[in-house]
Structures are given as structure tokens and as C-alpha cells.
Amino acid sequence: MRLKENRGPVAVVLVSCLALIAGVLHFTGVFGDWRDRMSLDRACRGTLARSGLVEALDGERVAEVGSSDEESGSGSGALTRCAVTSRDSHDSLRVDVRWGSDADGQALPLRRADMAGVMGRAAPLGGDWPGAFSLGGDGPQVSVALACRNRKDESLLVSSLLSGGRGDDGARRAAQARLTTATAVKAAEEFDCEASAGKETADAPDDPLGKPVPLGRANGTCAALRPSAAEARKAGVPGAMESVAQKNASLTDCFLATPGGEPGYRLSAAYGPLAKAFRELAPPRLRGEAGAGEGTSYAWATARCPGSAERAVFTLWRVHDPQKNSFAVKKGSASFESAALKAFAGQSAAAQGCSDLRLP
């Protein structure tokens, strides 16, 4: 006769041990760290890069807090998008991946298209990356638009927005740039976009709204206006605030400064999918291939550029200070504004191999 086994005590001991192990893993953070790593592996369909992630979010413990893609029925037009956050600093990073032809207004820095102020200003990303670093009202933003050789007039647009991060923190800006460009490379492989990558960027772009230099010595994004220094002085803007020029930047800005160092005019360029986003957000008065506002406050031009079905947009406007409720340049000069836009748009279009420049 076989004796009946008494398994009750063994099961109790086993369950108790498992509970003890689970408790240890929970309270020591091992389980939470493992869960966070698993969520990051899945973030943005596995395309989110780790390079620069911890530094950008200023915290060691980082986890995904949201994700969606076209297959999930999000209706956003994005191939994939995700949000990650630091459990230490509580800062968050949103990443969006989409075809350039599906770019919408959210791809553009906040208030860049308001045709009045200095928000959403941008600088070339550097490292020969076709992108830009920008400062909007909602945090630092990095955009990269990789031209797909195997898709006619198509690009892969990858953008990241850092919420809670300070735009004046150079180390974090550089980390965000590294993360976004590395994510773009992984996304290009995932979504079959044959594209050329840039070089790793060690430093972050500077805010273009820096200390003015005499316009006659401008050698970056304002260099096209250098021959117009005498006319600019008469128009009340003898200085230049600029960024390092880059031939394949997706967004650029040049500010002409008053003698007191205030931005008086803003000249901007947007290319490819970011030109499409600009058009979507720009005021209804910005219609057609070129034009100017009544009086002397704004004007725009466009050109056809390689690699995109969207015409590049070049704009000029007098900067309005909402706190003072006034323009730094009290009275604009129509002749100077026309000449300035022509010079800026002409040199910018030529640098990117654009043609069919239409001026107001």
C-alpha cells in the first residue's frame, strides 16, 4: 500500500519563499528597474535610442509612460510615438516618428508661425544632420528629417520634445540631440528609409538669440545680409543675432538687432516637412507662393527644393514685444525689408540647391 504524500507544508514553504523573493525584489527596486528596462525596449516600436536618454531627462530611473502607432488606430498620422519620463527629475520626453508627407503643425516648435515674436527660434543641429534644435514655449525640441533615397520626395521626420528641461542647459540639449539622431537612425531601419546619417554631435547648438555682432561681420545665418549693413543701420537694425550656418538645416533664423540689442527683425527659413508644418500653422493671410502684408510688418517667399514636394518658406517680420505691446523697430522700411528678404531667401535657397524662388 502506497502512503499518501503530504505536500501541504512543502507548498506553504514554497509560496512563502516566492513571496519573500518578490518582496525583496520590489523593495530593493530590482523588479521596478527590470520593468522599466522592458518598457524602454518596446518604446516607439523599439526605435527609441538609449544614447543620451538618462542625461536628457536628468535622472537614472527612466520608463515609458505612453506609446501609440498607426496600427493602434491613434489617427495621429505617426508611424509611432512614445513618451518617457524620469522617476527622479519627473521631466518627460515625447518622441514622434512619421513620414515627412504626414507632418502636421505639432512638428513645428510652439509659436514659430505666429509671424510676430521670437518664440520657436531654431538653430541648425550640427554634425551634418538635416535637422534643427529649437526653443518653443513648451520646451526644447529637436527635429531630424532624413531624406529617403528609396522613396521619391519622401523623408522620415523624427522629433523630440523635452518637458521640464531648461533650454539653457547645454549638456542636456546635447544629450537630447544625440538621442533624437540615434532614434532617427533606428527608425529609418525599422520603416525602410534608405538615408544617410550625420556625425555624432558633442555640443549643443547655441540659442540664436544671443549677443549681437555688427551685421557687417555676420558669418552665419545672417551672412546674406552683410552687404546690406549700411542700409540696415539706417533702418535701425545695425546688429545680427545668428547661428552657425549649415547647408541642410531644416529650420534657420537670423535676427537683426537694434542699437539697444533688442531683436528688431526676424528672418526665418523652413524646408521639407517643417515647411509643410509651418504652412499649416501660419496665419490665414499667408497664402500663395509669395507676398507681403499691408504696411511694413511681414513678407514671405518660397522656392522648390530637392527631396520634397513641399516648397520651402522664407519669412521676414518685425518683432513685436508683447510685454511692451510695441515693435522694437517703430517704423519699418518697405524697401529695406524687401531687399533683406530677397538676400536672405536667395542665399538660403542656393545653399540647399533650391530653384524657382518666388519673391513678393
Side-chain angles (χ1 to χ4, degrees), residues 97-101 103 107-109 112 120-134 141-160 173-174 176-189 191 193-206 208 218-224 242-254 267-279 301-315 343-357:
V97 181
R98 65 182 62 220
W99 296 119
S101 56
L108 205 68
R112 182 174 176 87
R121 56 193 180 272
L125 196 54
D128 203 31
W129 287 99
F133 174 86
S134 51
Q141 184 166 335
V142 176
S143 301
V144 180
L146 296 177
C148 304
R149 291 187 295 269
N150 57 328
R151 298 174 183 267
K152 181 176 174 56
D153 289 340
E154 187 60 281
S155 60
L156 187 66
L157 177 64
V158 179
S159 57
S160 69
R173 293 204 313 266
Q176 185 183 358
R178 289 198 307 275
L179 177 142
T180 310
T181 54
T183 298
V185 171
K186 294 182 68 175
E189 183 175 348
F191 297 109
C193 169
E194 296 176 6
S196 299
K199 296 170 287 190
E200 184 171 339
T201 53
D203 301 316
D206 292 325
N219 60 5
T221 51
C222 292
E242 60 178 357
S243 302
V244 175
Q246 182 177 313
K247 290 184 177 180
N248 60 349
S250 54
L251 294 173
T252 60
D253 278 308
C254 160
L267 293 112
S268 302
Y271 303 89
L274 296 182
K276 181 178 184 296
F278 181 88
R279 286 280 194 179
T302 64
R304 183 181 296 114
C305 300
S308 175
E310 192 72 31
R311 292 179 69 87
V313 182
F314 310 98
T315 54
F344 177 79
Q347 182 162 307
S348 300
Q352 299 227 13
C354 306
S355 60
D356 189 32
L357 177 62

Taking side chain as C-beta onward, heavy atoms only, is [X] less than 4.5 Å from [Y]?
X      : Y      : result
Leu274 : Arg112 : no
Asp253 : Thr221 : no
Pro130 : Tyr271 : no
Thr252 : Phe344 : yes
Ser243 : Pro124 : yes
Lys276 : Leu157 : no
Asp356 : Arg311 : yes
Leu251 : Leu108 : yes

Minimum-distance pair of heavy atoms, taken over all atoms of [X] and [Y]:
X      : Y      : answer
Gly127 : Gln246 : N-OE1, 4.4 Å
Asn219 : Glu242 : N-OE2, 3.0 Å
Ser143 : Ser250 : O-OG, 4.4 Å
Ser159 : Gln141 : CB-NE2, 4.4 Å
Ala195 : Ala147 : CB-O, 3.4 Å
Ala275 : Ala270 : CB-O, 3.4 Å

Is the side chain of Trp129 donor-acceptor paired with the backbone N or O of Lys199 at a distance under 3.5 Å, no angle test?
yes
Expected output: side-chain Gln352 to main-chain Lys247 donor-acceptor under 3.5 Å
yes
Could you check whether Ser160 and Gln176, counting side-chain N and O atoms only, form a donor-acceptor pair closer than 3.5 Å?
yes
Taking atom [atom1] of [X] and atom [atom2] of [Y], what is their separation to the nearest 0.5 Å?
X      : Y      : atom1 : atom2 : answer
Cys305 : Asp153 : SG    : CG    : 11.0 Å
Asp128 : Thr181 : CG    : OG1   : 12.0 Å
Phe191 : Lys186 : CZ    : NZ    : 11.5 Å
Leu156 : Ser101 : CG    : OG    : 10.0 Å
Ser308 : Lys152 : OG    : NZ    : 11.0 Å
Cys193 : Trp99  : SG    : CH2   : 5.5 Å

Does the pair Arg149 and Ser196 meet the rule for a side chain to side chain contact (heavy atoms under 4.5 Å, CB included), with working shown?
CA-CA 9 Å; Arg149 291 187 295 269; Ser196 299; 2.8 Å; yes
Leu179 vs Thr183, side chain to side chain contact (heavy atoms under 4.5 Å, CB included): CA-CA, chis, key distance, verdict
CA-CA 6 Å; Leu179 177 142; Thr183 298; 4.1 Å; yes
Within 6.0 Å of CG in Asp203, more than 12 heavy atoms from elsewhere:
no
Under the criterion side chain to side chain contact (heavy atoms under 4.5 Å, CB included), I'd like the reasoning laid out for Phe314 against Thr302: C-alpha separation, chi angles, the key distance, then a yes or no.
CA-CA 6 Å; Phe314 310 98; Thr302 64; 5.7 Å; no
